[in-house]
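Bear in mind that the values here come from a model prediction, so they are computed numbers and not experimental data. Every number for a ligand or one of its atoms is a count from 1 in the order of the listing.
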Amino acid sequence: MSTVKDLNHDGISNLLAIDEEYASPKSVAPNCLQQDFAGECKRSLQAPEDFWGDYALHFQWTKPWTKVLEWDGVHHQWFVGAKTNITINALDRHANSDRRNRAAFIWLGEDGSERIITYGQLHRQVCRFANGLKSLNVRKGDRVVIYMPLTIEGAIAMLACARIGAIHSVVYAGLGHTALRDRIVDAQAKIVIAGDVGFRRGKTVALKPIVDEALDTLDFVEKVVVFSRRAAEVGSAREIDFAELLKFPATCPAEEMDAEDPLFLLYTSGSTGKPKGVLHVHGGYMVGTTYHLENFFDVGEQDIFWCTSDIGWVVGHSYIVYAPLCAGATTLFREGAIDFPNPGTAWEIVERYGVTKMFTAPTALRMFMRYGEQYPAKYDLTSLKVIACAGEPLNPEAWRWAQTHLAGDGKWGYVVDNWWQTELGGPAIGTHPSMAMRPGKAGVAVPGCEADVVNEEGKSCAPGVGGRLVLKRPFPYMLRTVWRDPARYERDWEQIPGCYVTGDVALKDKDGYITVLGRADDVLNVAGHRIGTAEIESALVSHPAVAEAAAIGIPDPLKGETIKVFVQTRADHVPSEALSATLIEHVRRELGPIATPSALEFVASLPKTRSGKILRRFLKAKETGKDAGDVSTMEG
Ligand code: AMP
């Protein structure tokens with residue numbers, strides 16, 4: 001792993017000279033704007049136990065905690081001794097109230113199909129399926145791998161596991177058989193719940209053959225529950241039809257769980273290294289993710305919230321399934337590609353359903369930018385108050401484009417960035433709707449979170465000086481350990497004293513806004529200057545001909561590394577040598593001579609993980625003839 005010990009100040013601080021600020025359009029987020037955000041941040045750090053303890057009282061617990069936090073510097077426990085089950089708060093609380101007939105989920109298919117399920121109905125379906133799982137001898141603590149298309153049934157499978165205390169591990173239904181197999185083996189899953197097909201870009205994607213191949217010779221898997229949409233015959237004796245499990249009684253008391261009992265394992269997307277099984281728990285995860293949904297993204301009971309992620313990723317766990325249900329909101333989600341059948345599809349949906357808040361990724365915004373503003377311009381998007389964006393650096397140009405064309409230049413909405421990881425379960429850095437947005441900067445540490453940029457000794461870097469992005473204390477929704485590899489978890493707390501090392505490189509401005517420069521492993525070293533991939537890529541994307549870009553370092557005997565960039569042009573621009581020269585010159589002007597790319601290659605598309613992150617590691621391996629490491633989550 002590369003270090004940032006020799007991080008060159010001149011290199012970085014001069015490079016990221018973007019100094020724009022856009023004031024919050026104050027009317028966009030009426031709920032969370034009532035709070036004093038700076039005050040919340042301060043209180044959460046001064047009195048974390050009171051802060052989280054007070055908020056946790058919003059939830060139903062079957063036994064109260066004796067202590068809010070126990071932390072030994074590495075391991076942390078929250079709401080010690082308390083008992084609950086996340087599904088009591090996600091389902092029973094609403095199903096037993098006058099909210100029972102409100103829509104919990106609106107599901108959409110690419111072919112225009114729509115399904116709406118109320119809190120009351122969802123509660124019954126989850127209970128039925130939970131009883132079905134019990135009939136298969138699934139018990140508290142057992143692992144269940146879920147390989148399902150983005151459907152209501154996928155969410156039911158997750159919630160039913162949680163209901164009976166089984167630990168689910170969702171694998172994105174798009175990963176190949178090796179990735180699926182590795183995860184089933186690592187989790188030692190007793191049961192696999194899988195779809196027969198998914199639908200994407202008008203095509204039927206066969207999932208069952210992938211499952212069959214992954215499961216071949218894995219005898220410890222006792223049953224495979226098949227969610228069949230193509231009337232596929234249930235095959236071997238090990239298989240059982242999903243529909244059979246929905247025939248069980250609609251009452252199933254929630255298993256009483258310790259606040260610290262595992263809720264799920266989720267293997268990280270693999271943008272670096274070998275995937276790891278991140279473990280999240282019932283209590284703290286519920287409290288923390290819901291806190292941020294309500295108070296950071298401003299989502300509550302009145303909202304139609306569209307999260308464009310998938311249940312295969314952490315954003316989908318937290319912000320399609322668990323937190324919106326705990327908050328009593330209506331979540332809209334859609335199977336398939338967001339730009340299919342046409343580039344205006346997303347905006348047609350926003351208009352039709354009156355979507356109020358949206359959670360999406362930079363890769364989607366860059367894609368919309370590539371298509372052009374004529375598509376959103378056709379629809380009424382004025383319902384859309386907050387567009388939160390996470391997963392990768394949000395390039396300033398993509399932010400400006402989205403703020404102008406999706407949020408009406410602030411007349412009705414606001415595009416805000418937030419930074420987190422699978423390990424964290426929810427946001428740790430971000431721009432609250434009441435704050436000014438500084439393009440190129442993810443924002444500040446959110447309430448409950450103490451983020452800093454430090455050198456290898458753990459000393460805070462001065463503003464504008466790059467270093468490691470660390471967290472200086474745990475928060476309730478952060479991972480508890482790495483499944484079957486606790487040492488891997490402990491290492492992240494032990495590399496730098498008193499810090500959880502996130503693996504990202506960043507810099508902070510004088511007001512605490514943080515710019516994430518990229519993964520430490522991706523940061524380039526050109527003639528002794530450390531340069532973030534995010535800076536070079538954002539400089540390229542700021543040119544009107546560029547839709548997306550990736551930067552990598554190529555080993556060079558003289559300079560250490562030289563920069564090679566890969567560029568995908570916007571719809572109305574054609575690659576040419578002249579354009580290549582213009583773009584290289586553009587980067588030189590924006591960032592200075594040391595950041596000038598030595599080579600530029602136009603590509604039709606960039607290699608990405610299935611969650612939409614650019615796989616620089618793969619590009620670099622191809623260029624240098626080295627092994628790309630784990631690429632199991634790469635888009636096929
Ligand atoms: P994953 O756990 O696979 O979702 O990846 C987490 C990583 O994505 C982080 O460590 C960052 O490198 C990157 N990331 C997530 N959100 C942002 C953001 N808002 N800005 C920059 N990078 C981000």
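Between the choices Asp504, Thr431, Leu517, the shortest heavy-atom distance to atom 12 (O) of ligand 1 belongs to Asp504. Between the choices Thr422, Leu469, Thr515, the shortest heavy-atom distance to atom 1 (P) of ligand 1 belongs to Thr422.
Contacts between Trp313 and ligand 1 below 4.0 angstrom, taking non-hydrogen atoms only, are absent altogether. Residue contacts with ligand 1, taken as heavy atom pairs separated by less than 4.0 Å, do not involve Ile429 at all. By the criterion of a heavy-atom distance under 4.0 Å, the side chain of Arg519, and not its backbone, is placed next to ligand 1.
Taking the ring centre of Tyr172 as origin, the terminal cationic atom of Arg610 falls outside the region bounded by 6.0 Å and 45° from the ring axis.
Listed by number with element, the atoms of ligand 1 under 4.0 Å from a non-hydrogen atom of Val516 are 21 (C), 22 (N). For ligand 1 and Asn418, the ligand atoms under 4.0 Å from any heavy atom of the residue are 16 (N), 18 (C), 19 (N). Counting the atoms of ligand 1 from 1 in the order shown, those under 4.0 Å from a heavy atom of Trp420 are 6 (C), 9 (C), 15 (C), 16 (N).
Of the candidates Glu548, Gln568, Glu397, Glu548 is the only one forming a side chain to side chain donor-acceptor pair (under 3.5 Å) with Arg366. Exactly one residue among Asp511, Thr431, Asp509, Thr515 makes a side chain to side chain donor-acceptor pair (under 3.5 Å) with Lys441. That residue is Asp509.
Remark: ligand 1 and Thr268 share no N or O pair separated by less than 3.5 Å (distance only, no angle test). For ligand 1, the polar-atom distance check finds an N/O of Gly391 within less than 3.5 Å of one of the ligand's N/O atoms. Below 3.5 Å of separation, one finds no N or O of Thr502 facing any N or O of ligand 1.
With respect to the salt-bridge test (charged N to carboxylate O, under 4.0 angstrom), the residues Glu392 and Lys608 do not qualify.
Under 3.5 Å, the side chains of Thr268 and Thr422 contain no donor-acceptor pair of N or O atoms. Between Tyr291 and Glu40, the side chains place a donor N or O and an acceptor N or O closer than 3.5 Å (distance only, hydrogens not considered).
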Step-by-step side chain to side chain contact (heavy atoms under 4.5 Å, CB included) determination, Val145 to Leu180: CA-CA 9 Å; Val145 163; Leu180 176 59; 4.0 Å; yes
CA sep, side-chain torsions, deciding dist, call: Ser24, His432, side-chain hydrogen bond (donor to acceptor under 3.5 Å, both in side chains): CA-CA 9 Å; Ser24 158; His432 186 261; over 6 Å; no
